[in-house]
Amino acid sequence: MPNAEQPADRKTLDDRQKMTDLERLRHSCAHVLATAILRLWPEAQFAAGPPVENGFYYDLDLGHRISPEDFEKIEAEMKKEIKANNVFERIVVTREQALADAASGRLGGLGERPGNPSKFKIGNLADIPEGEPISYYRNGDFLDLCAGPHVMRTGNIGAFKLTHVASAYYKGDEKNPQLQRIYGTAFKNKTELEAYFTMIEEAKRRDHRKIGQEMGLFALDSEYVGPGLALWLPNGTAIVEALETLAKEAEFAAGYVRVKTPHLAREKMYKTSGHLPYYAESMFPPMQIDEVAPRRSELAAKKQQLWELCRSNGAAEILNVSATEQAALSSGQEFQLLDQRTRELDPALPAETKRVLLELRDIARALFQLPPAEVYYLKAMNCPHHHRIFAAEPRSYRDLPLRLAEYGTCYRYEQSGELFGLMRVRALNMNDAHIYCTAEQFAEEFRAVNDMYLKYFQIFGLSKYQMRFSTHSAEGLGKKYVNEPELWHKTEDMVRRVLIESGINYVEVANEAAFYGPKIDVQVWSAIGREFTIATNQVDFAVPAKFGLTYRDRDNTDKTPLCIHRAPLGTHERFIGFLIEHYAGNFPLWLAPEQVRVMTIGDEEPLVTYAQAIVAELRANQVRVKADFTTNKINGKIQDAEKAKVHTMLVIGSRDMEAGNVSLRLHGKGNIGAKPKADAVAEILVAIKERRG
RNA sequence: GCCAGUUUAGCUCAGCGGUAGAGCAACGGUUUUGUAAACCGUCGGUCGCCGGUUCGAUCCCGGCAACUGGCUCCA
């Protein structure tokens, strides 16, 4: 289906000129990839081949399924093209010329291909606005519709590698045909290419699924619990609780109050909030509770029998309703209709016909008068519950800002193909809070939220982050977004102003807002330079009004508050998934599931008694400590502890005991040496309390 | 949900048209030890699930599920 609208992400010529040198190089490499594929499969049809974050891709349609086994020969052809050092030549043409070349199959080909027109290029041409120049780029025989820019020559592509093949919809629309997408990456030189693959290897080594398994942090039991429903094992729960304690302290200090809400709510909640219909497909299907279900089905069956009887004996004609019309009626409408028609009955009707019609009416009434089934949904968000907490008591301007915080569990029916380890799940624990405030208070509250982020970033040693400010699009109003154009602009201006004033690093992207207001996604980069979107802030100008939330202002009138949704620590699932990679499982002491392991050299008294007292003292101070007093060799015990990534190891032999010492060893750092027992314990307690990195 | 790939013991992985094997872990012993592995033994699997082909299927074929890489979506 041709896409009439401009794709929201289509780059303007201006954007294209901003392409970095590396992006140009990668984009050029995509053309070289297409050149190579055409030499092997001349019939291939190409769609789009842009640079992306870590490389480039080209989408193509081809009968042969390209697999990684084909990469070697494709790469060999690519090398030939690079060695030929062809110039990337820009050619400006008229739209008529471009359409003619697409029809002949010349675009995205090595020559004309009669009977095999460049179908996707025709679609791409349609997206080019009138007045914008139409250009080709040619390298050797390969001619492509392309706005550029490119490097000068194919030989400028220093080092490249094809990485994987995937499928993608033409223009990203699932209604369009699926294409094969060949991914690759390219760099200025071989050194940088190798550094990139080293980083990928490191990311694999730090994969949260692998480390989570090894360290016993969480389990995914799709058979019994369900896909995307994580079980937090004791070690993982230790991290969960350390994070919750951090959040509770930070939120308490920032004037938040805590609340607790159930995991489900009645349908009315989500009809009012607007999650239905905007969000319905991301929610688990509803639960129906029908306390009179047997009576309801009994009456319905009887009613249907009577209708059939009426149709067979002609009584239905008096009612003047076809079977299809009747089926479409609600029980209320059906009763009303029957009630009305039976009032106007011709007294000459046979008594039996009358009796049946009246009985039908009575059954319809009984059915209508049954209490309706109750419908409940698992919550996909905490906001509606918090809104009802706001509504639970009368509010004055003196109560604002009201900051309601909760680590709330939400359930989202993510499509099966979207699930991924802990990073994308169906049950998630959010570091959620909603701040109800006046428009005047907004800037200050928003700044305070940003400060909280910065505080967290410091604790976790995150030096690179970015706020991604998502705004609405005019076309989405009434569809993807609540139809309040003025409020959208007003709120977006307000947020933009605060972002600029606070000097925070942000980018703005259109058409990615939440349905009820603009959104700020927080992106952070892990220790090995991978990007994660871990948290989100949203400004909600619409839903509080839908719930009729008001506060009494100074002037004795009722006003609707603004609501800021914020979740700096995101969800436990994604945030801990991120932390696992960030720390490679080597958590700082305050987060480490097993903070300390005390191990003795041998198992003889009084050594064990001495060690046991240290364990007891640490436990009394809420330290997560384990003892290893077995007769295994000390090297073996140390290896066990190192493999378990225990942060601090206290090795105790008779030498230590006699001096009142412990020998300290830190995970990954090796033996530190002996120190007085009291000093070692005190240092552990301080490092935990200060959340030292 | 769509396209592709994967699924063998708790974990990492061999293997094969004739009903399975290693290392680690676990368990039982022996060993009394100074900073990343002392030794011996034992247990452990409807080869993801359901069908089909076959004398016989973990292996071949089909369907389903889960997981993974992407797409769409998203914290």
Side-chain angles (χ1 to χ4, degrees), chain A residues 52 57 59 65-68 163-183 207 209-210 213-214 216 219-223 226-228 279 281-282 380-381 410 412-432 470 512 514 519 521-523 532-538 565-578 599-604 607 629-644 649-656 663-674:
Chain A
V52 287
Y57 64 79
D59 284 346
R65 283 228 167 273
I66 292 178
S67 79
T163 52
H164 51 284
V165 55
S167 83
Y169 299 107
Y170 179 49
K171 292 186 188 179
D173 186 333
E174 62 184 331
K175 291 188 221 65
N176 284 338
Q178 280 208 318
L179 307 174
Q180 301 188 55
R181 175 170 291 181
I182 316 297
Y183 279 92
D207 189 307
R209 292 163 298 184
K210 183 168 165 274
Q213 156 88 274
E214 287 165 1
L220 289 162
D221 179 355
S222 58
E223 191 182 354
Y279 207 76
E281 65 179 33
S282 294
M381 298 186 156
C410 297
R412 298 186 183 174
Y413 191 77
E414 305 289 355
Q415 296 182 54
S416 58
E418 290 166 350
L419 300 175
F420 169 64
L422 271 190
M423 302 306 284
R424 200 68 187 275
V425 291
R426 285 182 174 163
L428 33 110
N429 290 282
M430 287 183 81
N431 170 226
D432 215 355
S470 302
E512 289 189 13
K519 180 169 94 163
D521 287 316
V522 182
Q523 298 172 291
F532 290 80
T533 299
I534 49 166
T536 227
N537 293 337
Q538 285 151 17
H565 306 235
R566 43 107 282 176
L569 299 179
T571 63
H572 282 321
E573 287 74 15
R574 186 169 290 183
F575 196 74
I576 292 174
F578 163 77
M599 40 196 127
T600 52
I601 302 173
D603 69 342
E604 285 175 338
L607 193 58
F629 300 158
T630 58
T631 63
N632 287 341
K633 282 188 90 89
I634 192 63
N635 283 16
K637 294 190 191 189
I638 284 168
Q639 174 149 343
D640 287 347
E642 289 282 357
K643 271 166 65 179
M649 287 154 273
L650 300 181
V651 176
I652 299 171
S654 47
R655 233 159 48 208
D656 302 294
S663 286
L664 188 67
R665 180 187 171 96
L666 297 178
H667 172 55
K669 298 203 176 77
N671 187 10
I672 305 295

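Computed from a prediction, not measured in an experiment: that's the story for all the values here. Order of the sequence lines fixes the chain letters, A, B, ..., with proteins taken first and strands second; residue numbering starts at 1 for each chain.
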- Task: Rounded to the nearest angstrom, tell me the gap between atom CE in A/Met599 and atom C1' in B/A37.
- Result: 14 Å
- Message: I'd like to compare against my own output: the B/S/- annotation of nucleotides 30-36 of chain B with a strict under-4.0 Å heavy-atom distance to protein.
- Response: -BBBBBB
- Note on the structure: Ranking A/Gly417 and A/Ala427 by the position along RNA chain B of their nearest nucleotide, the one closer to 5' is A/Gly417
- Tell me: CG of A/Asp221 to P of B/G10, nearest whole Å? 13 Å
- Return the value, rounded to whole Å, for the distance between atom OH of A/Tyr279 and atom P of B/C73. 13 Å
- Item | Runs of at least three consecutive pairs that involve RNA chain B, where pairs are Watson-Crick or G-U with distances under 3.5 Å | B:1-7 with B:65-71, B:10-13 with B:21-24, B:26-30 with B:38-42, B:48-52 with B:60-64
- note: A/Gln415, atom CD; B/G69, atom C1'; distance rounded to Å ~ 16 Å
- Query: Which heavy atom in A/Glu642 sits nearest to a heavy atom in A/Leu666, and how many Å separate them?
  - Reply: OE2-O, 4.1 Å
- Task: Ignoring hydrogens and angles, answer whether the base of B/A75 and the side-chain atoms of A/Thr571 contain a donor-acceptor pair closer than 3.5 Å.
- Result: yes
- Item | Under-4.0 Å side-chain N/O to phosphate OP1/OP2 contact, A/Arg209 with B/U68 | yes
- Is A/Tyr183 near enough to B/A4 that one of its side-chain N or O atoms lies under 4.0 angstrom from OP1 or OP2? no
- Rounded to whole Å, the CD-P distance (A/Glu414 to B/C2) equals 17 Å
- Message: Can you give me the closest heavy-atom contact between A/Pro568 and A/Asn431, atom names plus distance?
- Response: CD-OD1, 3.3 Å
- Task: State whether A/Lys210 places a side-chain N or O below 4.0 Å from either non-bridging phosphate oxygen (OP1 or OP2) of B/C11.
- Result: no
- Message: Could you tell me how far apart A/Glu418 (CD) and B/G70 (C1') are, to the nearest whole angstrom?
- Response: 12 Å
- How is A/Lys669 classified with respect to the nucleic acid when contacts are heavy atoms under 4.0 Å: base, sugar-phosphate, or nothing? nothing
- Backbone N/O of A/Val425 and side chain of A/Arg574: donor-acceptor pair under 3.5 Å: no
- Whole-Å distance, A/Leu422 CG to B/C67 C1', equals 14 Å
- Task: Assign each of A/Val425 and A/Ser222 to its nearest nucleotide of RNA chain B by heavy atoms, then name whichever residue's nucleotide is nearer the 5' end.
- Result: A/Ser222
- Message: I'd like to know if A/Arg574 reaches the base of B/C74 with its side chain, counting only an N/O donor and acceptor under 3.5 Å.
- Response: yes
- Task: Round to the nearest Å and state the distance from A/Tyr57 atom OH to B/G69 atom P.
- Result: 18 Å
- Indicate yes or no for a side-chain donor-acceptor contact from A/Arg412 to the backbone of A/Ser282 under 3.5 Å, with no hydrogens or angles considered. no
- Do A/Arg424 and B/C73 have a side chain to base donor-acceptor pair shorter than 3.5 Å? yes
- Do A/Met423 and A/Glu573 pass the side chain to side chain contact (heavy atoms under 4.5 Å, CB included) test, and can you show the C-alpha distance, the side-chain angles, and the key distance before you say yes or no? CA-CA 6 Å; A/Met423 302 306 284; A/Glu573 287 74 15; over 6 Å; no
